[in-house]
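A quick write-up on the structure given underneath.
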Protein chains: 2
Amino acid sequence: MEQAQALAALGALAQETRLQLYRLLVTVGPDGLSAGNIAERLGVIPSSLSFHLTNLVHAGLITQRRVGRLMVYAAEYGTMNALLAYLTENCCGQGVSCTQVFNSAAAGSSAAKTTAA
Amino acid sequence: MEQAQALAALGALAQETRLQLYRLLVTVGPDGLSAGNIAERLGVIPSSLSFHLTNLVHAGLITQRRVGRLMVYAAEYGTMNALLAYLTENCCGQGVSCTQVFNSAAAGSSAAKTTAA
DNA sequence: TCGATAATTCTATAAATATAGAAATATCGA
DNA sequence: TCGATATTTCTATATTTATAGAATTATCGA
């Protein structure tokens, strides 16, 4: 991931409505939710929701697809993976004691970054 | 981690100077760097750097300590861990196939190219 | 085709955030 | 104590971002 993409993703998530929205879609999974459904759950007015959805789509954090007259949004996990990697890259000058520092953060499991000493 | 803390951390990282600054400190490790050293490396004027350092400290992403007349800043890994966990929580309605989706992102392995369907 | 539903785009205003120069504070060494 | 160094705080301005109402676009079903 490049800096510009990371900034876009972080900027997208750094706003209350969008953070709630993203986390909602992460919980829901690949099926996603329609804009109307999201608006109802979060209590956001349509034009405002659309503004935030567009922001998240541009940042690559969610995807958009049309289903009839519904627009359905779903979390794009790959982008978050890349962002997490970017934020924790080269911890402590690579491969010292920090190999474990940023592990087990994601889904409760530990990812190994070989090279210990 | 609570929403307010997550928003503070994300907002802190969603700015070019601060993102570069944070990543620099992550690479350097626990010893940290002085404000002057950081200013020189990033090419930021003192008052502006101070503004951004304060923001990162308030977000809990870096720590501050005085060493003589230097102010030394270092990455606070625990906060990033908590943030990563918050962002990937309850993926796909807990415990389905998505338990692995957000793994191996942290330590920077290029092996994970997760494309969620 | 028409009316209804779903959602977006447009526009103006409001609010939050960043920038940089000048002044202030803290520490050091002579 | 004094001058120099390191850094922060203050202040005003510039920039970016968010809000919400009104108008527009797209799809569906009769």
Side-chain angles (χ1 to χ4, degrees), chain A residues 3-25 28 31-76, chain B residues 3-25 28 31-76:
Chain A
Q3 179 181 272
Q5 295 176 271
L7 283 170
L10 289 164
L13 294 169
Q15 202 277 339
E16 185 170 11
T17 299
R18 289 194 298 265
L19 182 57
Q20 291 175 349
L21 172 33
Y22 177 75
R23 279 166 43 91
L24 173 61
L25 291 181
V28 166
D31 289 350
L33 291 174
S34 69
N37 197 329
I38 296 168
E40 196 179 330
R41 296 197 195 207
L42 301 184
V44 181
I45 71 170
S47 70
S48 192
L49 178 64
S50 204
F51 170 81
H52 292 303
L53 284 167
T54 297
N55 188 313
L56 285 164
V57 169
H58 282 161
L61 285 165
I62 66 175
T63 59
Q64 176 189 54
R65 67 183 193 272
R66 182 178 280 281
V67 177
R69 59 190 137 170
L70 305 178
M71 290 301 257
V72 175
Y73 294 88
E76 178 64 55
Chain B
Q3 179 180 272
Q5 296 176 270
L7 283 171
L10 290 164
L13 294 170
Q15 201 277 338
E16 185 170 10
T17 299
R18 290 195 296 265
L19 182 57
Q20 291 174 349
L21 172 33
Y22 178 75
R23 279 166 42 91
L24 173 60
L25 292 181
V28 166
D31 289 350
L33 291 175
S34 69
N37 197 330
I38 295 167
E40 196 180 329
R41 296 197 195 206
L42 299 184
V44 181
I45 72 169
S47 70
S48 193
L49 178 64
S50 204
F51 170 81
H52 292 303
L53 284 167
T54 298
N55 189 313
L56 284 164
V57 169
H58 282 162
L61 285 165
I62 66 176
T63 58
Q64 177 189 53
R65 66 183 194 274
R66 182 178 279 283
V67 176
R69 60 189 135 171
L70 304 178
M71 290 302 256
V72 176
Y73 294 87
E76 177 67 56

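Letters A, B, ... are given to chains in the order of the sequence lines, protein chains preceding strands, and every chain is numbered from 1.
Note: CG (A:L21) to P (D:dA18) measures 13 Å, nearest angstrom. Per the geometry, CD1 belonging to A:I38 stands 13 Å off C1' belonging to C:dA6, to the nearest Å. Remark: P of C:dA16 and CD of A:E16 are 12 Å apart, rounded to the nearest angstrom. If you measure from atom CG of B:L10 to atom P of C:dT17, you get 13 Å, rounded to the nearest angstrom. Protein atom CZ of A:R18 is 14 Å distant from nucleotide atom P of C:dA16, rounded to whole Å. With rounding to whole Å, A:E40 atom CD is found 14 Å from C:dT5 atom C1'. With rounding to whole Å, A:L7 atom CG is found 15 Å from C:dT17 atom C1'. As a whole-Å value, the separation of A:L13 CG from D:dT17 P is 14 Å.
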Quick one, give me the B/S/- string for nucleotides 7-16 of chain D, reading 5' to 3', where B means a protein heavy atom under 4.0 Å from the base and S means that only happens at the primed atoms, P, OP1 or OP2. SBB-------
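Across all non-hydrogen atoms, the minimal contact from A:T63 to A:E76 is CG2-OE1, 2.9 Å. Residue A:V57 comes nearest to A:Q64 through the heavy atom pair CG2-CB, 4.2 Å, listed as atom of the first residue, atom of the second, then distance. Residue B:A8 comes nearest to B:A59 through the heavy atom pair O-CB, 3.6 Å, listed as atom of the first residue, atom of the second, then distance.
The shortest distance between the side-chain N/O atoms of A:H52 and the OP1/OP2 oxygens of D:dT17 is not below 4.0 Å. When the side-chain nitrogen and oxygen atoms of A:Q15 are compared with OP1 and OP2 of C:dA15, none of them lie within a distance under 4.0 Å.
Between A:L61 and A:L25 the shortest side-chain heavy-atom distance does not fall below 4.5 Å. Using a 4.5 Å heavy-atom cutoff, the side chains of A:H52 and A:Y22 are not in contact.
Exactly one residue among B:V28, B:N37, B:I38 makes a side chain to side chain contact (heavy atoms under 4.5 Å, CB included) with B:Y73. That residue is B:I38.
At least one donor-acceptor pair under 3.5 Å links the side chain of B:T54 to the backbone N or O of B:S50.
Residue A:A14 is the one, among A:V67 and A:A14, whose nearest nucleotide of DNA chain D lies closer to the 5' end (criterion: closest heavy atom).
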